[in-house]
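Have a look at the structure below, then the notes.
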2 protein chains.
Amino acid sequence: MATHQTTIIDIARALGISKSTVSRALTGHANVNEKTRQRILDMAAQVDYQRNQLAISLLTNRTGTVGIIVPEFISFFFPKVIIGAQEEMTKSGYNVVICHSNESYETEVANAKALLASRVDGLIVSHTKETRNFDHFKVFQRKGIPVVFFNRVCEDMNVSNVTVDDYNGAFRAVEHLIQTGRRRIAHLAGPDTLTNSRNRLNGYRDALKQYGLPIDPELIIAYDLNLDKANIYVNHLLNLPQPPDALFAINDPTALEALNIAKRRGLCVPDDLAIVGFSDDPMSALIEPGLTTVAQPVNEIGQQAAYILLKQLLAKGDDFQPERIVLPTNLIIRGSTVKPRSGDL
Amino acid sequence: MATHQTTIIDIARALGISKSTVSRALTGHANVNEKTRQRILDMAAQVDYQRNQLAISLLTNRTGTVGIIVPEFISFFFPKVIIGAQEEMTKSGYNVVICHSNESYETEVANAKALLASRVDGLIVSHTKETRNFDHFKVFQRKGIPVVFFNRVCEDMNVSNVTVDDYNGAFRAVEHLIQTGRRRIAHLAGPDTLTNSRNRLNGYRDALKQYGLPIDPELIIAYDLNLDKANIYVNHLLNLPQPPDALFAINDPTALEALNIAKRRGLCVPDDLAIVGFSDDPMSALIEPGLTTVAQPVNEIGQQAAYILLKQLLAKGDDFQPERIVLPTNLIIRGSTVKPRSGDL
DNA sequence: CTGTTAGCGCATTCAC
DNA sequence: GTGAATGCGCTAACAG
């Protein structure tokens, strides 16, 4: 530590020139004698010179870095979104730093503060399931730093966001269950703090309504997405006097958990219990039977979030109208709802 | 943009005092009149003051941030390691930024440069499968910024690293296959740029040797971990005149791919083909038959990496002796190598 | 083509 | 207990 960082002054001194010239040469400025430039570049390489981004950012009030905050990244969803976003940002010369809030409101606030303190130029975020207060994001807005939400969005902030059509995806999933003969369809929902969770629940409800099926509160359970507990709720549903003949789960991990429980209880999926998930986790195609699920264009979510952020970054102070992108979902039918006809495999 | 960021000077002016006092109050320094301090704190809150970490870092030559570079984070392994590392670093007041090299050498170099430019205090890294030149990491060393490798380590740098006992894990996996009667055991290995890949290959070899089995080059295939190609190699192996009766795969995704191919070809796993993976991906327990695999203490890898980094960060300039931690692995036996006895499920 | 000067926002001496 | 002055490393006017 404390090993003196080589600066442009060191280079300037070593070469007997001024630091301005060094700076110009290093930043690829014109107006530098070709020979001088070469000497500077050589010397810089020789002494391991690395520009100090801190100083530059302090000066230019621009870091060239955007932050992404995600609540988790164990399931494939968030990593894929991040990759999509990162690709686009990198193309435009932005650096991306990723923060992991771990579904903790406190950590999320700390992340936001750290990113604000390090003066990121923009922020892409999907909030935790605990987040009810969005003040830590509103600060960014007030300071003119663009924010884009995705997946889980904040409805009372006037910011851009990227979502999928959760309502319609859920609707079609439940419709599919009805059309294949199910009448008692349960829904293992997410916490009502999450917009996507609420929208999926509404899609579920409306599908039942539209097909004249009763909405049985007994069959709707909202839980905190903690997989350990999914276990309890699925068993609870299956132990009901009139158990469901189908389950629409808030996401694939939950659905896969349900699928395993059903199998372990000796139920036949899809005959005794049909199951539908959400997101098309790669695991859904590997398991047996395959899991019917509502696919999301995951990579594209990240891309779109990046596009919007870039647009907003470019627009600068000008009054930028927030955009709200809704991407389509796609029902993928597999063995957990429909028996494969022989020969299909 | 360009909305003037509120600084301590703004606060000082508003209160008719000097910025020094404001600075002292804000950093929790002693020697500030209690009343003055309160006025300053109130004003700071009122105007949304956020300290500019860039300026502080520039001044103190310390950012309080460490970087983590990982080659991918779609599989569960790297995210879990990151979470483990992040927990520890956060406890000690460090901020963690994550970079994703996407298995691209070029991106990795860019990441390293960016982290260096933003003056991270330390670096935790697992390099890409393309990385043969480690100059972009050696710069950190030369500048006195501690580096800790994990999982995939650089052997010709004198730095700390955290690995698992890949050799022994592989050895015991292959031993298990031999002890359960397999004689033609194939190995779908990783690229020889990766230390863990090489160590696992050695473990495989030595197990065969120790049990007097021939090492058949035909049964050893090193591939680039690109899952699309696993397909080709597995089929190639199964099409051999004398196909293998067991496969030890470099990691679980590869093993799962193999398992699916075997099933699709109508083979019975484990009778016709036994399969072992590496890492105990959660998917391994879900699939049927369950995948026998060599488990790694994933979370602990991250923790240990963080511990070492923190120790090194504390040691500062003092000559710090690099540590090399090797964590144990654990063979988990499932249905892909051993038929469950009835009743076991 | 090159040198001089002036800050970016802040913590930290040193005075008082 | 407080203010004034200094400089972290750099870029961008401004003069030659």
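Below, read A as the first sequence line, B as the second, and so on, with proteins coming before strands; counting in each chain starts at 1.
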Measure distances between side-chain N and O atoms of B:R24 and base N and O atoms of D:dG3, and say whether any donor-acceptor pair falls under 3.5 Å.
-> yes
Let me know which of B:T21, B:I40, B:V32 forms a side chain to side chain contact (heavy atoms under 4.5 Å, CB included) with B:L26.
-> B:I40
Sidechain N-carboxylate O distance under 4.0 Å for B:K138, B:D156 = yes
Electrostatic pair A:R152-A:E103, nearest N-O below 4.0 angstrom | yes
NA contact type, A:L59, heavy-atom cut-off 4.0 Å: base, sugar-phosphate, or nothing?
-> base
Using a 4.5 Å cut-off on heavy atoms from C-beta on, say whether the side chain of B:V66 contacts that of B:N95.
-> no
Give a yes/no answer on whether the side chain of A:N33 brings an N or O atom under 4.0 Å of OP1 or OP2 in C:dC1.
-> no
Shortest side-chain distance from A:K19, nucleotide among D:dA4, D:dT11, D:dT6 = D:dT11
For A:I8, report the nucleic acid contact type (base, sugar-phosphate, nothing); a contact means any heavy atom under 4.0 Å.
-> base
B:S57 near the nucleic acid: base, sugar-phosphate alone, or nothing, with a heavy-atom cut-off under 4.0 Å?
-> nothing
Which part of the nucleic acid, if any, lies within contact of B:T36, taking any heavy atom under 4.0 Å across all strands shown: a base, the sugar-phosphate backbone alone, or nothing?
-> sugar-phosphate
Ignoring backbone atoms, establish whether A:S23 has a side-chain N or O less than 4.0 Å from OP1 or OP2 of D:dT11.
-> yes
When rounded to whole Å, the CG to P distance for the pair B:D10 and C:dG9 reads 8 Å
Report yes if a donor N or O on one partner sits less than 3.5 Å from an acceptor N or O on the other, where the partners are the side chain of A:S20 and the base of C:dT4; otherwise report no.
-> yes
Closest-nucleotide ordering on DNA chain C, the 5'-leading residue of B:L54 and A:T21 | A:T21
Could you give the CD1-to-C1' distance, from A:I56 to D:dC8, as a whole number of Å?
-> 14 Å
Is A:S18 near enough to C:dG3 that one of its side-chain N or O atoms lies under 4.0 angstrom from OP1 or OP2?
-> yes
Would you mind reading off the distance between A:L58 atom CG and C:dC8 atom C1', rounded to a whole angstrom?
-> 4 Å
With no hydrogens and no angle check, is any side-chain donor or acceptor of A:D10 less than 3.5 Å from a backbone partner on A:T7?
-> yes
